[in-house]
Amino acid sequence: MKFRFPIVIIDEDFRSENASGSGIRALASAIEKEGMEVVGATSFTDHAMFAQQQSRASGFILSIDDDEFNSDIPQEQQQAIVNLRLLVKEIRRRNSEIPIFLYGETRTSRHIPNDVLRELHGFIHMFEDTPEFVARHIIREARAYLDSLAPPFFRALTHYAADGSYSWHCPGHSGGVAFLKSPVGQMFHQFFGENMLRADVCNSVEELGQLLDHSGPVAASERNAARIFGSDHLYFVTNGTSTSNKMVWHSCVAPGDIVVVDRNCHKSILHAITMTGAIPVFLMPQRNHYGIIGPIPLHEFTQRAIERKIAANPLISGSGKKPRILTITQSTYDGIVYNVEMIKQQLDGHVETLHFDEAWLPHAAFHSFYRDMHAIGRDRPRAKDSLIFATHSTHKLLAGLSQASQILVQESETRKLNKHAFNEAYLMHTSTSPQYAIIASCDVAAAMMEPPGGTALVEESIIEALDFRRAMRKVDEEWGADWWFKVWGPDELNDEGMPDRDQWVLRSGERWHGFGDLATGFNMLDPIKATVINPGLDVDGNFADVGIPANIVTKYLAEHGVIIEKTGLYSFFIMFTIGITKGRWNSLVTELQQFKDDYDKNQALWRILPEFVQAHPRYEHMGLRDLCDQIHGMYRQNDIARLTTDMYLSNMVPAMKPSEAYACLAHGEIDRVPIDELEGRITSALVTPYPPGIPLLIPGERFNNKIVDYLRFARDFNERFPGFETDIHGLVEEEIDGRVEYFVDCVRAD
């Protein structure tokens, strides 16, 4: 299978009609005759731009015969040498293997400093050999480099897809052929392309190995990824990190086991509690009134604190029982991370398995900025007794396809992973027909993070996030005299480049985060997670006279081609993954400026939100500021910021094991209870408001008055502002007498 990776030639005479230009073009022509594409440029002063070409090139040829190379002055004073050094340094910062050749007619290695020479694959002295011979030498190195790129599974998959074999295995489209027999199938085939469909195979293809028993090229790729991520074992998962979490739990948790869980964990952990029949005790994170989830205090991780929680749980009888697993969300959705070493110091050996749900943190292992703030990596010390798991959403922060995930394992000094038992749990949840493109994306995403390339990618994403924050502050200084958006984070930012890590470590009592007392060095904000704060609400929960609810801003942005990750009351969240570009975040800044202009003019909604108004004509004669005032007024009247904070921090009373409460739902032993009659009732299903998408109640817990008050507010708000509805998983909607009513399926009352 042929890939397009041209050789980049940079020579000021590349397009000149002189002997030097003719010589370099003759070399370029000889390379092209050998089947390799050439891209020519005449200057490498923009070293950063050319260095970025390493991701799409197979080699570089850099001329040192330019007039700027002046042997009459010291090397360190020659601007050409400075530019050459910077270009080579930038290439090597991203890519340690791509071939780099220097090309000269009169100058030799004597004119080049050693720190540049040691990074080269060769020195071409023109006219000593024929262009054809030199071309073959260069192409040999370029092809050897390209042959080394593909990791094991992706390499095997491309070879299989290119092989042209007739197959009789599933899937039924047979390499895409079935789609060619239908007009709409033809559209599908043209959209996705031949390669994707030829590579969509089933697990009966022996040469590709097996995900189910981790054999062949699949196993080789998992071992390769384990090496890159610094883990003892690594397993690819094609059903997302929700499934990865359940695999970890089912490998070590059984009915009746005590488990310690972050109260604001992902719902997949709560599903795992229900499925395994475990009894949870929860660690409670702090929250601020922006609705941002803060850290669990360090004192909650002590053995004594956990023992007190176990003793206070009415579902647990007896004493001295050891928790089977502790699961922590690392990082939170809003970017708060924990010092893992401090947690291990508290709980190593007191909890058998420490599980860090790092769905939003797979990048941390590749940059020293995150030292001690991730679970497993080359620099992570081994626990003495506790087995360590980390689960990564490869598709969220790295370059995996949707549902690409992985499980990392670090064995302790005294405990090894029981691979057979683990794989039984793995088989319980994985598909027997995994999507091979997802496996390949796990393979490639890991290979992309191999240092130094992975380190450069992470550093660039951090710098882009910092540049966005700086740009937002610049707009505020120049245009935000009345109001502008803020980006949640530390008050001080350095002016250029990488951030000062100490600025991002949360300190006790700092007003910007609003989390109160914090242990020194225990938590940090990940700079690539950016929460944009709208006017109208402060961190203490106080409402201003006027405000701009975030759901209106994100609706506006969506109609202008900017889709937001998560929306809160007066904040919205964006992530600077390795795929974010300057063009993307600058477009966001521009659209926010346009929103401010339209808000200040009270621009008519039919003009600026035509699709939304077409779907909801009741807003046709309303202005943007008018709508903001109405929704802000309802939020303020109901003191909704404090209510949504207090309900998550309120006492959730367990009345039944989650598995028993869910069994009532499965058996139909439930009452469908209206909102106004919920207080004191036991839910049989998760109750999860979006935003923030964090479960509020789990099966077996009782509704309290704060939660019921919130559900009443959501009911009234949805009726008054259609199109801005609060979605709450667990509420059942029924239309009664032309009005939508909400119910929850609760355990049947005796």
Side-chain angles (χ1 to χ4, degrees), residues 242 245 259-287 291 293 296 309 312-316 327 329 332-333 357 568 640 642-667 669-715 717-718 725-733 741-749:
S242 295
N245 288 337
V259 294
V260 183
V261 177
D262 181 347
R263 181 72 214 193
N264 290 138
C265 64
H266 188 261
K267 63 184 180 182
S268 62
I269 301 298
L270 303 176
H271 289 153
I273 292 171
T274 302
M275 296 169 74
T276 58
I279 304 173
V281 294
F282 290 105
L283 307 183
M284 185 65 75
Q286 296 151 296
R287 301 175 74 91
I293 300 168
I296 299 166
K309 289 177 179 288
N313 191 306
L315 304 179
I316 301 173
T327 293
T329 307
T332 70
Y333 209 9
D357 182 354
I640 194 63
R642 287 191 175 85
L643 177 58
T644 53
T645 300
D646 292 347
M647 71 179 183
Y648 273 103
L649 297 177
S650 61
N651 187 29
M652 316 294 185
V653 180
M656 300 174 65
K657 286 175 59 177
S659 56
E660 294 172 352
Y662 185 81
C664 293
L665 179 67
H667 293 159
E669 297 169 356
I670 56 170
D671 297 323
R672 186 153 285 178
V673 181
I675 286 176
D676 293 319
E677 300 173 18
L678 279 174
E679 188 170 348
R681 296 300 298 267
I682 302 169
T683 181
S684 63
L686 289 177
V687 178
T688 310
Y690 289 86
I694 298 296
L696 184 54
L697 285 179
I698 69 170
E701 292 181 329
R702 295 186 186 275
F703 283 90
N704 60 37
N705 63 327
K706 291 187 182 298
I707 295 173
V708 173
D709 286 346
Y710 171 75
L711 296 179
R712 290 191 182 109
F713 165 81
R715 176 186 61 193
F717 181 87
N718 290 357
E725 293 91 350
T726 298
D727 179 30
I728 303 176
H729 172 80
L731 286 187
V732 180
E733 297 183 14
E741 297 287 352
Y742 298 93
F743 303 83
V744 177
D745 290 336
C746 296
V747 174
R748 183 170 295 163

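Every heavy atom of this structure was used, including side-chain atoms; hydrogens, water molecules and symmetry mates were not.
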If you look at every heavy atom in [X] and [Y], which pair is closest and at what distance?
{"X": "L270", "Y": "I698", "value": "CD1-CG2, 3.4 Å"}
{"X": "L686", "Y": "P699", "value": "CD2-CD, 3.8 Å"}
{"X": "R681", "Y": "V747", "value": "NH2-O, 3.1 Å"}
{"X": "P689", "Y": "V687", "value": "CD-O, 3.9 Å"}
{"X": "V261", "Y": "C265", "value": "CG1-SG, 3.6 Å"}
{"X": "I670", "Y": "L665", "value": "CG2-CA, 3.7 Å"}

State whether the side chain of [X] and the backbone N or O of [Y] hold a donor-acceptor pair below 3.5 Å, judged by distance alone.
{"X": "R702", "Y": "G680", "result": "yes"}
{"X": "S684", "Y": "D745", "result": "yes"}
{"X": "H266", "Y": "S268", "result": "yes"}

Determine, for [X] against [Y], whether the closest basic-nitrogen to carboxylate-oxygen distance falls under 4.0 angstrom.
{"X": "D709", "Y": "R712", "value": "yes"}
{"X": "E701", "Y": "R263", "value": "yes"}
{"X": "D676", "Y": "R715", "value": "yes"}

For this session: For the pair M652 and I707, evaluate side chain to side chain contact (heavy atoms under 4.5 Å, CB included) and give the outcome as yes or no after the intermediate values.
Result: CA-CA 10 Å; M652 316 294 185; I707 295 173; 3.9 Å; yes

Euclidean distance, [Y] [atom2] relative to [X] [atom1], rounded to 0.5 Å:
{"X": "T726", "Y": "Y690", "atom1": "OG1", "atom2": "OH", "result": "13.5 Å"}
{"X": "L678", "Y": "L731", "atom1": "CG", "atom2": "CG", "result": "8.0 Å"}
{"X": "F743", "Y": "E677", "atom1": "CZ", "atom2": "CD", "result": "9.0 Å"}
{"X": "D357", "Y": "T332", "atom1": "CG", "atom2": "OG1", "result": "11.0 Å"}

| query | When you look at I279 and V259, which way does the side chain to side chain contact (heavy atoms under 4.5 Å, CB included) test go after all the steps? | reply | CA-CA 6 Å; I279 304 173; V259 294; over 6 Å; no

Within a strict 4.5 Å, meaning less than it, do heavy atoms of the [X] and [Y] side chains meet?
{"X": "L283", "Y": "K309", "result": "yes"}
{"X": "R672", "Y": "C746", "result": "no"}
{"X": "I293", "Y": "I694", "result": "yes"}
{"X": "Y710", "Y": "I728", "result": "yes"}
{"X": "V673", "Y": "V744", "result": "no"}

### Modelled atom types, side-chain donor and acceptor of Y333 and N264, under 3.5 Å
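The answer is no; no qualifying pair exists.
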
Start with the C-alpha gap between I640 and F713, add the side-chain angles, then the distance that decides, and say whether side chain to side chain contact (heavy atoms under 4.5 Å, CB included) holds.
CA-CA 8 Å; I640 194 63; F713 165 81; 3.3 Å; yes

Just jot down the side chain to side chain donor-acceptor pair (under 3.5 Å) partners of T329, sequence neighbours excluded, or say none.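 D262.
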
- [ ] Carefully, step by step, assess T683 and L697 under the rule side chain to side chain contact (heavy atoms under 4.5 Å, CB included).
- [x] CA-CA 8 Å; T683 181; L697 285 179; 4.1 Å; yes

Item to complete: Output every pair passing side-chain hydrogen bond (donor to acceptor under 3.5 Å, both in side chains) with a member in residues 647-666, not counting sequence neighbours, ordered by first then second residue.
Response: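 Non-adjacent pairs meeting side-chain hydrogen bond (donor to acceptor under 3.5 Å, both in side chains): S650-N704.
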
Residue set satisfying salt bridge (charged side-chain N to carboxylate O under 4.0 Å, His left out) with R287, at least two apart, ordered chain then number -> none

